[in-house]
Amino acid sequence: MLLNELNLLCLLPGVASREEAVRDYLVSAAERYADEVRVDRMGNVIASKRGKNHETPVMLTAHMGEVGVMVTGFTDSGCVKFDFVGEVDRRTVIGKRVFLGKTGVPGVFGMKPIHLTSREERQSYPKTGSLYIDIGAKDKAEAQGLVSRGDVGVFASELLSFGEGRIKSRAISGRLGCAVLLELMKQPLPVDCTFVFTVQEEVGARGAFGAAFGVKPELALVIGSAAADDLPDVPTEKWGCALGKGAVLPAMDGGTIYDRRLFALLRDTAEKA
């Protein structure tokens, strides 16, 4: 059931600041199980459900957005210039497909062919300005008729199951947390819970920052995914976490040191389970 929900969520376009399709789906799903559902001015979906205990309200949050691209201009030959929305490894996009704008105009990422590059260019990390998206337009005017400056694009991807219990998809970082929250929302709750599906996480966690002040919970738990380090040529002592080893409970990250009491409670609970 969780996998089916995750598949549906990952197919929806939701580049940071353009999460409308994901938001509409989450509102519709949450209204079936929550006591109250609202959307705040940032675009966060906030769903409240009463539990057995009303004294310690808990906020559970996940983010609905994803990384992508935004159209910034056009070349005379009809290719699209762009910038990335969120952090994207530029090395991974060459040759990948993308869908631009509300109508999902298909395109392919490209750059100067290797036989025209200098030795220095071949040995360096490609800059965003050297990349383009080919949408098949014959010239600038035709390209401008298909997409506009400010349009966003999502990477073409589908949810794929492979190996033993492994899945791959675009947008899985946040949508996995959203799917987990929807599953929790279906269950009888021990305490009052507010489920918050936040926007613009990929560009600075802006939605979560606003939601924290709007909800004012006693405890807040963020549900999401972490980057696994069990990769070839990475020494085991550098593994922050590995696939199949259970939940990841961070004690700190680049911007936050988490509450020690809450961390200990989560660690002890996880070990018992």
Side-chain angles (χ1 to χ4, degrees), residues 1-30 32-34 37 39-40 42-49 58-68 86-87 154-155 157 159 161 165-187 189 193-212 214-215 217 219-228 240-241 243-250 253-256 258 262-263 266 269-270 273:
M1 190 67 180
L2 178 65
L3 192 59
N4 291 337
E5 194 88 70
L6 180 60
N7 191 26
L8 291 171
L9 284 165
C10 286
L11 288 174
L12 296 171
V15 175
S17 79
R18 301 289 196 280
E19 298 98 340
E20 293 88 349
V22 186
R23 178 164 51 246
D24 291 345
Y25 178 91
L26 292 172
V27 168
S28 177
R32 296 197 293 268
Y33 308 107
V37 180
V39 177
D40 69 10
M42 281 292 295
N44 301 309
V45 176
I46 301 175
S48 302
K49 184 174 180 179
V58 173
M59 182 172 84
L60 297 162
T61 178
H63 76 90
M64 66 175 89
E66 62 183 296
V67 298
E87 294 186 8
V154 296
F155 297 105
S157 175
L159 190 140
S161 296
R166 298 185 180 187
I167 54 178
K168 145 285 170 199
S169 176
R170 78 159 211 271
I172 201 169
S173 171
R175 308 287 166 77
L176 177 60
C178 293
V180 170
L181 260 58
L182 289 177
E183 282 295 309
L184 290 173
M185 200 182 299
K186 300 174 186 177
Q187 313 301 323
L189 300 174
C193 288
T194 301
F195 299 85
V196 182
F197 304 89
T198 66
V199 295
Q200 299 192 39
E201 190 274 347
E202 302 290 358
V203 289
R206 296 169 184 168
F209 185 81
V215 176
L219 299 174
L221 302 177
V222 180
I223 313 298
S225 57
C241 62
L243 290 175
K245 301 299 183 181
V248 178
L249 301 175
D253 60 31
T256 306
Y258 299 102
L262 183 55
F263 174 80
L266 291 171
T269 302

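In what follows, every heavy atom counts, from backbone to side chain, and hydrogens, waters and symmetry copies are set aside. Bear in mind the structure is a predicted one, so any value in this text is a computation, not a measurement.
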task: Measure across Lys168 and Ser157 and return the closest heavy-atom pair with its distance rounded to 0.1 Å.
output: NZ-OG, 3.5 Å
Residue pair Val199 / Arg206, side-chain heavy-atom distance below 4.5 Å: no
field: Note, Ile223 side chain near Leu184 side chain (heavy atom, < 4.5 Å)
entry: no
query: Could you give all pairs that pass the salt bridge (Lys or Arg N to Asp or Glu O under 4.0 Å) test and reach residues 174-183, with sequence neighbours left out?
result: Glu66-Arg175, Glu183-Lys186
query: Between Gly86 and Val67, what is the shortest heavy-atom contact and its length?
result: CA-CG1, 4.1 Å
task: Kindly give the heavy-atom pair with the smallest separation between Leu3 and Ser161, and that separation in Å.
output: CD2-OG, 4.1 Å
- line: Heavy-atom nearest pair, Ser169 first then Cys10, reads OG-CB, 3.3 Å
field: Heavy-atom neighbours of Phe209 CZ exceed 12 at 6.0 Å
entry: no
message: Which heavy atom of Leu181 sits nearest to which heavy atom of Ala62, and what is that distance?
response: CD2-N, 3.8 Å
query: Which atom names give the shortest non-hydrogen contact between Ala34 and Ser48, and what distance separates them?
result: CB-O, 3.5 Å
- prompt: What pairs with Ala30 under side chain to side chain contact (heavy atoms under 4.5 Å, CB included), at least two apart in sequence or on another chain?
  reply: Val37, Ala47, Met185
- prompt: How many angstroms lie between CE in Met59 and CG in Leu219, if you round to the nearest 0.5 Å?
  reply: 10.5 Å
message: Quick check against the 3.5 Å criterion: does Arg23 have a side-chain atom that pairs as donor or acceptor with the backbone of Gly43?
response: yes
task: Compare all side-chain heavy atoms of Leu6 with those of Ile172 and state whether any distance is below 4.5 angstrom.
output: yes
message: When you compare the side chain of Leu182 with that of Tyr33, does any pair of heavy atoms fall below 4.5 Å?
response: no
- request: Determine whether Val196 and Thr194 make a side-chain contact, defined as any pair of heavy atoms from C-beta on separated by less than 4.5 Å.
  value: yes
task: Say whether, by atom type as modelled, one donor and one acceptor occur between the side chain of Asn44 and the main chain of Ile46 under 3.5 angstrom.
output: no
task: Any chance you could measure Leu221, atom CG, to Leu262, atom CG, to the nearest 0.5 Å?
output: 6.0 Å
Please list, one pair per line, the donor and acceptor atoms closer than 3.5 Å that link side chains of residues 13-21 to other protein atoms, with sequence neighbours excluded.
unit_1: Arg18; atom_1: NH2; unit_2: Gly150; atom_2: O; d: 3.3
unit_1: Glu19; atom_1: OE1; unit_2: Ser17; atom_2: N; d: 3.2
unit_1: Glu19; atom_1: OE2; unit_2: Ser17; atom_2: N; d: 3.1
unit_1: Glu19; atom_1: OE2; unit_2: Gln200; atom_2: N; d: 2.9

query: So do Glu5 and Cys178 actually touch side chain to side chain, heavy atoms under 4.5 Å?
result: no
query: Is there a side-chain contact between Phe197 and Val27 (heavy atoms, below 4.5 Å)?
result: no
message: Just so I know, are the side chains of Leu8 and Asn4 near enough to count as touching, which here means a heavy-atom distance under 4.5 Å?
response: no
